[in-house]
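Worksheet: the structure to be examined is printed underneath.
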Amino acid sequence: MDRHLLSAADLSRDDAALVLDTAEEMRSVADRPIKKLPTLRGRTVVNLFFEDSTRTRISFEVAAKRLSADTINFTAKGSSLSKGESLKDTALTLQAIGADAVVVRHHDSGAPHRLAHAGWIDGSVVNAGDGTHEHPTQALLDAFTMRRHLGDLKGRRIVIVGDVLHSRVARSNALLLSTLGADVSLVGPPTLLPVGVESWPVEVGYDLDQALAKCDAVMMLRVQKERMNASYFPSAREYARRYGLDARRMALLPEHAVVLHPGPMNRGMEITADVADAARSLIVEQVTNGVAIRMAVLYLLLSGTPLPSPDTDLEGSR
Amino acid sequence: MTAPTAQDSSAAYVVRGAQPLGGDPVDLLLRDGRIAGIGPGLDAAGATVVDADGLVGLPGLVDLHTHLREPGREDAETVASGTAAAALGGFTAVHAMANTDPVADTAGVVEQVWNLGREAGHCDVHPVGAVTVGLLGERLAELGAMADSAARVRMFSDDGKCVSDAVLMRRALEYVKAFDGVVAQHAQESRLTEGAQMNEGELSGVLGLRGWPAVAEEAIIARDALLAGHVGSRLHVCHVSTAGSVEIVRWAKQKGWNITAEVTPHHLLLTDELAATYDPIYKVNPPLRTAADVEALRGALADGTIDVVATDHAPHPVEDKECEWAAAAFGMLGLETALSIVQHTMVDPGRLDWADVADRMSARPARIGRIEGQGRRLAEGEIANLVLYDPTATRSVDPTESASLSRNTPYAGRELPGRVVATFLRGRPTVLDGKLA
């Protein structure tokens, strides 16, 4: 694996498989009475959050702590960032305090890429969501969750629904799932599909009912109601009717098909409450798996080696 | 337009062995601000000899599109530093865009800029007047007062912003006819480009950067061409960047309408793929486009559909580029590298010869800007504005060597062909041996 994780495109098929397999090991740690490994003891992981995201930050924080790393939360509101300190100066500060990994969430696409490549810091950079670009650990945890329920994703049909244009989750998932050999379809109103999407390794459609009938998993994207003010769609009601997942549509799914959502959900908008809470909904499990995936990513980036073997006790591998 | 002064003519120079427009070597005697003699083996007793063996002689270059930032952003550039960069790039005249602070929308501001140019003395500075007060696009600035001022403004532009209101654009086009002015439009439909960061295409979708679609430029050019045709005025289109824009300009010219267009050096060379670095050094407005657009622009410059190369030299302090892409300023330096980029993209591949370069970078821009004494032939009796250029040299671009106060060149570390050896402004060297004289 590369030193950084900036895009799902950075991961080869083998890399992705390694992360997913490592996450399986990490997940088993959560079932132990003491949910902690000493593997990253003495290493410093900084959560650098320029954008509010309690769930992602907590997930990374728990992951780092379970690996015994020292964690520092650096958020825009609690630091000089809100007073206008530049990304560069923030990076130099993190370098000076000896950050081994920087987990960055930023409202601008490409900010993690800048952090990784501008020569300001030596540590690993993990993209925890940048603008409308990518969110690779979300895609990894989604793939991990689906794999646990569907088995190998090769040849599996996965439908991603909604605001692809503004979704970093959709971009990372389209890339990663294609790498893993799945057949990905994007479905949404044409206004919310990016120009050039036809060059992505996916199918594109506008009819959700049609797409659901033969899929193995459906992933609903969060849609901001404010988008209707920019005429991406006429009203929340019309959006929900054409692209929301409700009980009627859920009934169109094959028996084994699962439902995912990266959260936070707009219940009643892209997904109804009865679907979100249904047995085939994996939304809560996604959160659990997020910790395991982030443990695996931090472990692989910082230790630089795969786990010795699935059977070896993790405690010895530093 | 400025009459030669005593300072300009204090010394005589004889340029030995230069090749005017790449032709046969001759000597040029520069005296009293003019080309006093031209021919082989000139007798020039008392004149300082400039060895120009192997150098191409071109009329001094004229830039229709320069941001000098003064007044207001002297941290990025001053008239003195920007015109020094211009001279080093072979320019003897630049048009200073109006988006300063305060905006160049009154006779007072344009005269200030003009005077700063005269004091610096590196090249002539022709201020561009704002079309609308404060570049706000609401009402016409006092175009006539700027035209009548000492700066004798003939080109008007809200560059950086588009004159969006169709009625206002029509009135501006009509109004400047009274003093043979031209409206230079920054063609950008604002609603289609809100928050836009890069060319809209395959790559913008992948990178998650808000797209700046070609149609936002082309729609305005089409509208303005129709307006210019309708009212019989002169329209100049700034920084044409798309293949579609080229088609529209070509069509408007075929109609016989008085429309001219410019292309920047960076749009002749660089493509949107550079945005994948997320390095804002490549962030510019209009954005870098596709390879197909670059090819169309080169073709249009070769066949004359695009009249001129203009730099859109846009200095920015380091901190405005050393940041996130979306937070960064638009624009890149261009004066010191323009001729090299034109050689690389147009001359070396055989699409323009040096006479064509003189036409696109000197004669035509001088004509569009209605400035006298620039863009003339290298002939006896003409005002001695010229540049001596070594097309066989190569250099690696080092931003720290720029005369500009800013460092935002997109060519850092690139090997570029050619080197400006000397520039003469009315017979006086502004650059000798590649250094400010």
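Every chain is numbered from 1 and lettered A, B, ... according to where its sequence line falls, protein lines coming before strand lines. Values reported hereafter were calculated over all heavy atoms of this structure, with side chains retained and with hydrogens, waters and symmetry mates removed.
Residues that satisfy the side chain to side chain contact (heavy atoms under 4.5 Å, CB included) test with B/P102, not counting sequence neighbours, are B/P71, B/V109. Not a single ring pair (Phe, Tyr, Trp, His ring centres under 6.0 Å) links B/F330 to another residue, sequence neighbours left out. A/D207 meets the side chain to side chain contact (heavy atoms under 4.5 Å, CB included) test with A/D209, A/Q210; sequence neighbours excluded.
Heavy atoms of B/A275 lying under 4.5 Å from chain A are absent altogether. In this structure, chain B has heavy atoms under 4.5 Å from both the backbone and the side chain of A/V195.
When each of B/P280, B/G211, B/A327 is scored by its heavy-atom pairs under 4.5 Å with chain A, the top score falls to B/P280. Considering only heavy-atom pairs separated by less than 4.5 Å from chain B, the leading option among A/P194, A/A118, A/G110 is A/G110.
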Here's a test: name every donor-acceptor pair under 3.5 Å between chain A and chain B, with the distance for each.
from, atom 1, to, atom 2, distance (Å)
A/K88, NZ, B/E322, OE1, 2.8
A/K88, NZ, B/E322, OE2, 3.2
A/H106, NE2, B/E324, OE2, 2.8
A/S109, OG, B/G208, O, 2.6
A/H113, ND1, B/T277, O, 3.2
A/R114, NE, B/C323, O, 3.0
A/R114, NH2, B/K321, O, 3.3
A/T132, OG1, B/G208, O, 2.6
A/H133, ND1, B/Y278, OH, 3.4
A/H133, NE2, B/Y278, OH, 3.2
A/R171, NE, B/G205, O, 2.5
A/R171, NH2, B/G205, O, 3.0

